[in-house]
Amino acid sequence: MRGFRSLKLSLRFIVPLVVTLGLLAYAVVPFVDKLNKRWFIRDMDIRSRLIANTLHEPLAELLQQGNKSRINSLLLRSIQDERLLALGFCSDRGELLYRTPTFPKSISCSSEVNDNKEASQILQLPEGAVHVARHKITQEGGINGSLILVHDTSFMERRSADTRTYVILLFVVLGIVTSLVTVFVAHLSWRGWMEGVRAMLKGEGLLKPFSDQKVNSELQPLVGDLKTLLRSMDAERRLADDSTITWSPDTLRNLLHKQLTGEKIIVVSNREPYIHSKENGEIKVHRPASGLVTAVEPVMRACSGTWIAHGSGSADGETVDAYDRVMVPPDKPEYNLRRIWLTEEEEKGYYYGFSNEGFWPLCHIAHVRPVFRTSDWVQYVKINQRFADAVVKEADSDNPVVLVQDYHFALLPGMIRKALPKATIITFWHIPWPNPESFGICPWREELLEGMLGSTILGFHTPYHCKNFLETVDRYLETRIEHESSTIARRGQLTMVESYPISIQWPPPWQGTLPPVEQTRAEILAELGLPEDQLLGIGVDRMDYTKGILERFNAVERMLELHPELVGRFSFIQIAAPSRSALEEYQAFETRLHALEERINARFTRDGRKAIILKAEHHEPDQVNRYYRAAQVCMVTSLHDGMNLVAKEFVASRDDERGVLVLSQFTGAANELYEALIVNPYHVEQTAEALYQGLTMPEYEQQERMRSMRSQVRDFNVYRWAGRMLLDAARVRQREKLATRIGRAS
Ligand code: F6P
């Protein structure tokens, strides 16, 4: 195809070249023919003169003698020459006195040679063309007259025809040689040109000066145009990074419309955004406790499209249509939720087993050993394939934009890529990525990495996780890694690895609708049976060993030991949503947590005022928000966390610009919320001190810190998170389109 293209390009040069050569040949051949004939006639004139001069003397002598027979014999002898056809002698009176037998009858002395001048001409006779020359023969006292020499010119015609053939052949050879040289040069130039353009599309011309000569000089005029095009795409990207712009659902919608021509988005996650369950015969809708859902749901509402997820609710089956779809949010339907069904065995292997006993502890360095079973792996592969098939069914084009979420679907990008090679696959990894040594213990590490490299864009929360991933790939797979552009090339597939710190919706959904903080605090205290001046701390997590809840409780205990004046005056509320409770590790954790809570409360409960209030049950987002607003301090003490959106939700909830955030240094959020009190949760005293500092922080300092954190969360909200990824996707799509077009043309 490529060869055909360059041939087509060459033909653009060859066709005019051949036409020009043809016209030139058409003009040149008669000219050469004429010139040739003129030279022959001149030659024959000279030849005739030479023969005439040779014959002059003997002929004059014989004429004077009147010896007819010798004259005839002289003439006959002379025409032995193959080209001299005939000789004749005409008297001055115009009588043909002597002639060889070959002398053409149609030539008479009177007609052609009747003047006294010596002359020659070509005569067209019925027998063919002849050259007739006349030479005066003079003698004293004898007959004066002219010798007529008739030359056969047929050889002249033959030679002319040969010359014509040679000239035409010369032009044909010239045409062929020139065409071959043109094809060769055009092919070389085309290849050079293509390589140059491709180099530019890879960004080489944008990042490095063109003097590096990646791009050849003939491309210089084009370089400007391509640079402008690519820069305009980069400008859009910079727009996403411009912190002065507040991103909103509208910004995101416009971007989708402008950059991705209104593409329908397909999101894939394990956890669904809305769970229908049956309680006392009634169908209820819940929002799960999930950072992923908190972040992606508002994006989906802005973009619309389809969200494919595991239908895990007891009434999920009853609420879908014939295609397993239901429009959500239930109160204001904006996008499709497509549910995928799993059997108990499948869920056990894929979700509980491989994802949460294997992958989860593998990626979180939280000192719980991963467990890998082949039976779990088999289910993991099977369910990834089931989701991939669903993506293919939901896609309404061959190049959909698919957003794959999290560690449940490491194989999915590769499977989608196989079915839809042109799809734009954005994979976002919501949890940390470990170092290569830690990841290396996974028996299916190569398969998992290969699956992930089916993505067009692979996003992590932090540059550190990206670095870990690049190093892991480098260690276990044969790839080419471009560190400058953070891309991995494997088997012709390019994956861009980039950090996209996730965030939450801004403004928060309840903005301007809630009662003042003081009122909420008073209500909460009343609900808990606590006095009005009781100080409150809050922690909100899934019941998970990575969240550092035990360490948090230890810090509360230590703080009360160190500051006994706060015993009975401070209560720490821990909301712990039940999570993965089918797993032994989680059950053991819950048991330990309850035991610790009881032990601490046994030590520090005063007048019924508990030090720790553990609420191990599900809370809807609006309920959680009330607790955020009521507390003086929020504690996020994860032992390892991708981002942790609780930290950002707390900040967003505090429109009173008060409240203190104690934040683990092992969360992604610690890279953004510098004004939090950053702690190492493993260090009990440090965390206890931070809690105390938070409870006693002057209001002006609280305000200063909170204001700064709020502006960070406002500016880097979830719409910017999604927007940056979609802009990068649009840029990649644009480049791929250009490359395909150029590939098609080459
Ligand atoms: O943030 C990590 C994460 O695993 C998300 O993928 C998930 O939504 C959340 O924690 C809750 O986990 P699960 O879906 O297992 O309840």
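Whatever order the structure lists ligands and atoms in, that order sets their numbers, starting from 1.
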- Task: Name all residues meeting the salt bridge (Lys or Arg N to Asp or Glu O under 4.0 Å) criterion together with K382; count only those two or more places apart in sequence or in a different chain, and write none if there are none.
- Result: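 Only E346 meet the salt bridge (Lys or Arg N to Asp or Glu O under 4.0 Å) criterion with K382.
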[X] to ligand 1: N or O pair under 3.5 Å?
{"X": "N270", "value": "no"}
{"X": "R580", "value": "yes"}
{"X": "H408", "value": "no"}

- Task: Answer yes or no: is there an ion pair linking E471 with R475, defined by an N-O contact shorter than 4.0 Å?
- Result: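 Looking at R475 together with E471, the answer is no, because their closest N to O distance does not fall below 4.0 Å.
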- Query: Any heavy atom of D406 sitting closer than 4.0 Å to ligand 1?
  - Reply: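 For ligand 1, residue contact (heavy atoms, under 4.0 Å) with D406 is present.
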- Report the part of V293 (side chain from C-beta onward, or backbone N, CA, C, O) that has a heavy atom under 4.0 Å from ligand 1; answer both or neither where that applies.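 No part of V293 comes within reach of ligand 1.
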Nearest protein heavy atom to [atom], by residue and atom, and its distance?
{"atom": "atom 15 (O) of ligand 1", "result": "Y351 OH, 2.5 Å"}
{"atom": "atom 11 (C) of ligand 1", "result": "R542 NE, 3.2 Å"}
{"atom": "atom 1 (O) of ligand 1", "result": "H430 CB, 4.1 Å"}
{"atom": "atom 16 (O) of ligand 1", "result": "R271 NH2, 3.1 Å"}

- Proximal candidate to atom 8 (O) of ligand 1 [heavy atom criterion; set S312, S290, G642, P432]: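 Looking at heavy atoms only, the winner is S290.
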- Message: Which residue is it: W506, Y500, W247? I am looking for the one with a side-chain contact (heavy atoms from CB on, under 4.5 Å) to R720.
- Response: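 When side-chain contact (heavy atoms from CB on, under 4.5 Å) is applied between R720 and each of W506, Y500, W247, only W247 qualifies.
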- Item | For W307, the option from N336, L403, V296 that meets side-chain contact (heavy atoms from CB on, under 4.5 Å) |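 Result: among N336, L403, V296, V296 is the only option passing the side-chain contact (heavy atoms from CB on, under 4.5 Å) with W307.
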- For ligand 1, which atoms have a heavy atom of I431 less than 4.0 angstrom away?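 Result: 2 (C).
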- Message: Regarding E590 and Y545, do their side chains bring together a donor and an acceptor under 3.5 Å, going by distance alone?
- Response: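 Absent: no donor and acceptor within the cut-off.
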- Taking atom types as modelled, find out whether R580 and N356 have a side-chain donor-acceptor pair closer than 3.5 angstrom.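 Note: R580 and N356 side chains meet the donor-acceptor criterion.
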- Message: Name the residue from F469, F409, F359 that meets the ring pair (Phe, Tyr, Trp, His ring centres under 6.0 Å) definition with W429.
- Response: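 So the option named by the test is F359.
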